[in-house]
Amino acid sequence: MISTEKLKLLLEKTQEIAKEAGAFIRRERQHFNLDRVEHKGFNDLVSYVDTEAEKIIVNKLSQILPEAGFITEEGTNTTKAEVFNWVIDPLDGTTNFVHGVPIFCVSIALMEREEVILGVVYEVNLHECFYAMKGGGAFCNDTRIRVSAAQTLSASLIATGFPYYNFDLIDKYLAALKSLMKSSHGARRFGSAAVDLCYVASGRVEGFFEYNLNSYDVAAGTLIVEEAGGKVTDFSGGRDFIFGRQILATNEKIHEEILNDLKKAWA
Ligand code: 2AM
Ligand code: CA
Ligand code: CA
């Protein structure tokens with residue numbers, strides 16, 4: 001067990017590190033051009049900015065908690081530890097970044113065994129730093145955040161991410177989306193799962209769902225949602241949402257309504 005005092009200190013340091021990586025990303029964006037993009041798959045983009053930002057983060061984090069291992073998108077350090085692991089996406093929203101759409105962030109979580117105990121999501125252009133530690137509430141910059149008070153799907157705005165591979169499930173996804181579009185205020189696609197989750201946490205949208213995401217896309221954001229009073233599950237209502245590649249996060253009140261649509265579509 002880590003003490004509350006130590007966790008608080010780690011949370012402060014992690015915010016500093018996320019902001020430092022964010023400042024690097026912001027600087028590089030000013031002279032970024034599309035020639036510098038590499039492809040991991042036909043639509044899976046990466047650049048030196050992702051890898052360099054990750055190096056900054058991993059290097060600094062290993063100084064503040066030397067016993068922790070790493071799960072990171074770009075694989076800077078692949079050492080896993082038994083108890084503590086950092087789960088890092090140095091640049092969530094890379095497709096936005098390379099095209100100059102200003103929604104992207106740095107996402108860092110700390111897991112103690114199966115549980116996320118600290119999460120930081122730094123939105124690089126809006127300078128919004130979302131953060132939470134287990135049992136300590138959720139914040140954006142210095143302000144406490146809470147999920148929306150909306151009671152029904154019919155009064156809700158829903159964020160999602162479009163599938164980018166595993167297209168054999170796309171019909172199920174589109175069926176769920178169609179049904180949500182018909183019964184809510186509408187759907188939004190911001191292009192960063194970590195930002196989507198923070199928007200649920202801060203009450204800007206009431207729900208978010210996506211399939212195919214990785215642990216580093218969602219780990220930090222899920223704790224921020226839960227600490228803001230929201231609910232996170234997989235599409236069966238269970239807790240396999242960090243490594244399970246299905247995530248539904250809501251303000252809690254509309255969770256069952258969306259879950260019913262997802263269960264029908266995924267049946
Ligand atoms: P990324 O920007 O780090 O790749 C958007 O739906 C979410 O899916 C983002 O969090 C994005 O993270 C993730 N994602 C992973 N691979 C992707 C891809 N090939 N294309 C688009 N989004 C991808
Ligand atoms: Ca990501
Ligand atoms: Ca990324």
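Just follow the structure's listing: the first ligand is 1, and inside any ligand the first atom is 1.
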Report task. Tell me which part of Asn214 gets within contact of ligand 1: side chain, backbone, both or neither, using heavy atoms under 4.0 Å. Result -> neither
Report task. For the Ca ion (ligand 3), decide whether Pro90 has an N, O or S atom at a distance under 3.0 Å. Result -> no
**Report entry** Lys231 and Glu226 ion-paired at < 4.0 Å
**Finding:** no
Query raised in the report: Taking atom types as modelled, is there a side-chain donor on His255 or Thr233 under 3.5 Å from an acceptor on the other?
Result: yes
Report task. Would you mind telling me if ligand 1 is within reach of the side chain of Asp44, the backbone, both or neither, using heavy atoms under 4.0 Å? Result -> both
Query - Protein heavy-atom partner closest to atom 19 (N) of ligand 1 - residue, atom, separation in Å - result: Asn43 O, 3.1 Å
Query - Vertex the Ca ion (ligand 3), rays to OD1 in Asp89 and OE1 in Glu73 - rounded to 10° - result: 90°
Requested in this report: Identify which of Asp92, Asp89, Val46 has a heavy atom lying nearest to atom 9 (C) of ligand 1.
Outcome: Asp92
Query raised in the report: Between Tyr199 and Arg204, is there a cation-pi geometry (under 6.0 Å to ring centre, at most 45° from the normal)?
Result: yes
Requested in this report: Could you check which N/O/S atom of Asp92 is closest to the Ca ion (ligand 2)?
Outcome: OD1
Query raised in the report: Should Ile258 and Phe162 be regarded as members of a common hydrophobic cluster, given that ILVMFWY residues are connected when their side-chain heavy atoms come within less than 4.5 Å of each other, either directly or indirectly?
Result: yes
Requested in this report: May I ask you to check if any N/O/S atom from Asp217 comes under 3.0 Å of the Ca ion (ligand 2)?
Outcome: yes
Requested in this report: Pick one of side chain, backbone, both or neither for how Arg189 approaches ligand 1, counting any non-hydrogen atom pair under 4.0 Å.
Outcome: side chain
